[in-house]
Structures are given as C-alpha cells and as structure tokens.
Protein chains: 2
Amino acid sequence: MKLEEELKQTRFKDEYQKAMLNIIFTGNWLEVWTSQILKQYDLSSQQFNVLRILRGSSPSPLNLLDIQERMMDRMSNATRLVEKLRQKGLLTRKQCDSNRRKVEIEITEKGQALLKELDPVMEKSHLELTQKLTVAEVNTINKLLDKLRD
Amino acid sequence: MKLEEELKQTRFKDEYQKAMLNIIFTGNWLEVWTSQILKQYDLSSQQFNVLRILRGSSPSPLNLLDIQERMMDRMSNATRLVEKLRQKGLLTRKQCDSNRRKVEIEITEKGQALLKELDPVMEKSHLELTQKLTVAEVNTINKLLDKLRD
DNA sequence: CCCTAACACTTGTATATACAATAAAAGTAC
DNA sequence: GTACTTTTATTGTATATACAAGTGTTAGGG
C-alpha cells in the first residue's frame, strides 16, 4: 500500500522526506510482523537475533561486545538479554579464562533445536515477501539502502 | 556501508533475508539519528511525529484514534504521549461536544513555533540524505517499499 | 610495586512500550 | 426506558529500553 494511504496523509514534503518515513515505517512493519510470529515461541525479535548471531559463530563462543556489534539494535541491554536466554537454557555463559573481564557465550543444543524449528517458519514468511518483489528488486533495495548509510 | 560490514557478518541466506534485515536495520538507524537531533529539543521521535500530524490537520483538531491511525508506531500509548505534549504546552485537548467519548486535540501556538524552529534543522539533515541518493533513487526506494507492503 | 587508565561487563533508575482490563458514552433493539 | 453492543479513551501492570554510574580486571608507565 502507498505510504500516503498507510499513514492517511495526503502529501509529503518531497520524495526524500517520504523515503525517510517509508524506511522507518516499513522497518517497523517488518519488525512487528516477525515479532508476532516469534511470540508463539516466547522469543522477542532481539532475543531471536542474538540466538542467530550465536549460531552463526558456533562452535566458537562470543563475548558480549561481539554480540553487541552484530546486533540490529545496539543498546546496552545485552547483559540482560543474554541472561534471559540463559534462563531459558538457550545459551551458556562462562567467564573467559584468558581474560576474566570477558564472558564466553555459546548457544546450547536446546537453542540450536529451537532455531531449527523456527527456520522453516521464518522461511515461510519470507516466501510472502518473495511473491511481492523479484530478486532484482530486493537487490536494488539492498544496494540503495547500503548506499544511503554510507 | 554494506550491511555485511555493518553487522560484521559474512553472508546472509539470500537477498530476501538480507533485504529484510537491511530495511529493519536502516529504519532503526534513521530513527536513532533523528532521535539524536530531537533530544536537544526534549522531544522523542514519537512526540515529534504526533506534533507534525497535528500541524498537518490544523486548524482542525484530531481525536486520539485519528492520531493513532497516522502514527508510524501504532501502539496504544497515544493517551500518554499526548498527555506529555500537553504538559509541555505543545497541544491542547478538550472533550468533544458532539460526542463526549472523543477528545479534540489541537496543536498550540507554542507547538507550531517549536516545529517551525525544527523545520530547518530537519531539512539540514535531509540534505545529507540528498547527497547520498538521487531523486530517482529515492523514488525507486519508495516504489519498492510500497510494493513490499502490499 | 604502585598508580592510573582503559576495558568488559553489570546494575540502578527513570522512562517507554505492549497488552489487557476497565470505564464511560453512544447506538441499537426491544 | 432497559439491556446489549460498539466506540473511544484511560489505566494498570509487566516488561523493555536508554543512559549513567558502578564493579572488577587488565595493561602500561614510572
């Protein structure tokens, strides 16, 4: 749907302003959508994100800063986020031997299993996206957004 | 910067997954950026958004649902958001005569003045965007994002 | 060895947000 | 008018988040 209809607005100042709002709005929209799916698995999208990051580096552990650098949302709640996931048994954390300031965080079997369960679910919602845009089009989006953040 | 570098990640599953993350990440990035600017004016980006919505409809007032419909973020905190702005004297609210369930919310002179002060500031940060992408390119982004949300 | 600075993480606190429950007014049916 | 439903907004509560201050660890200089 056009952003104008989405926000019940008749006009924007220029295409730049519209793009700005459009990206923020669409990002939000996608986030809400995935959060909705993840809720059934009792995961927030941030938590899911952290788990995927850990799977990505597995079997090597990561420390908090590593995770923070890779997160979509760079706030300083990484400690508490990781703690939540630890309580659910989805990851482990132990003090690093060589540098005791650091912690080594690793995804558990249970975490891996949960992600494995989620993969096809996420894949399925990806499919809807596939039907709306061609590969060439998403490619264009990726190129332009990367350029925008330069 | 490429999303891969931004998130220190080597690869994504496919262009669709990358686009998904790219849009969310870039939206976030833009939000953080504008929030930073607005902080000097003691406004959150949501509050700013509400003010602009009210200016858009001025001199007609809006009720809470109208505002909610036009917001980027459709949560149910509209009551409290509006109350915050009222405390700052940036808007007024009064019970609607014809339908006393509704409230009529209107931007004040002070609110108008604040937005007027902010216009050039925001415009300036728009300019940075302008330097990164051509009009044709932002047009493409707008078209593709609208299509994505169809 | 001591002092200071930098680092990696944690915690406190104030604020924001999501979601559900509630309240009050209006509309509808009888 | 009374009972029911719907609309519109508010409040309560639990959780999340941002930012600053604090803790413990390591590193470097003298």
Calculate the interatomic distance between [X] atom [atom1] and [N] atom [atom2]; express it in whole Å.
X	N	atom1	atom2	result
A:Gln68	C:dT10	CD	C1'	12 Å
A:Met71	C:dC9	CE	P	13 Å
A:Ile67	C:dA8	CD1	P	14 Å
A:Leu64	C:dT11	CG	P	11 Å
A:Leu62	C:dA8	CG	P	14 Å
A:Leu43	D:dT15	CG	P	15 Å
B:Lys94	D:dA9	NZ	C1'	16 Å
B:Leu38	C:dA16	CG	P	13 Å

Pairs meeting criterion salt bridge (Lys or Arg N to Asp or Glu O under 4.0 Å) with involvement of residues 12-35 of chain A, two or more places apart: A:Glu4-A:Lys18, A:Lys13-B:Glu123, A:Lys18-B:Asp146
All pairs passing salt bridge (Lys or Arg N to Asp or Glu O under 4.0 Å) where residues 45-60 of chain A contributes a residue, at least two apart: A:Arg55-A:Asp119
Side chains of B:Thr26 and A:Arg149, donor plus acceptor under 3.5 Å: yes
Donor-acceptor side-chain pairing of A:Lys102 and A:Gln95 below 3.5 angstrom: no
Those residues that, when tested against A:Asn99, pass side-chain hydrogen bond (donor to acceptor under 3.5 Å, both in side chains) (two or more places apart): A:Arg101
For [X], check side-chain contact (heavy atoms from CB on, under 4.5 Å) against everything at least two apart and list the hits.
X	result
B:Val82	B:Leu64, B:Ile67, B:Leu91, B:Arg93, B:Ile105
B:Ser57	B:Leu62
B:Lys110	B:Leu90, B:Thr108
B:Lys147	A:Leu133, A:Glu137

Any residue of residues 80-90 of chain B with a heavy atom less than 4.0 Å from an atom of DNA chain C: B:Arg80, B:Lys84
Residues from residues 95-108 of chain A lying under 4.0 Å of DNA chain C - heavy atoms: A:Arg101, A:Lys102, A:Val103
A:Thr79, nearest nucleotide to its side chain (from D:dT10, C:dC9, D:dA16): C:dC9
Does a side-chain N or O of [X] approach OP1 or OP2 of [N] to a distance below 4.0 Å, or not?
X	N	value
A:Gln46	D:dT17	yes
B:Asn77	C:dT17	yes
A:Asn63	C:dA8	no

B:Lys39 vs A:Ser44, nearer the 5' end of DNA chain D by closest nucleotide: A:Ser44
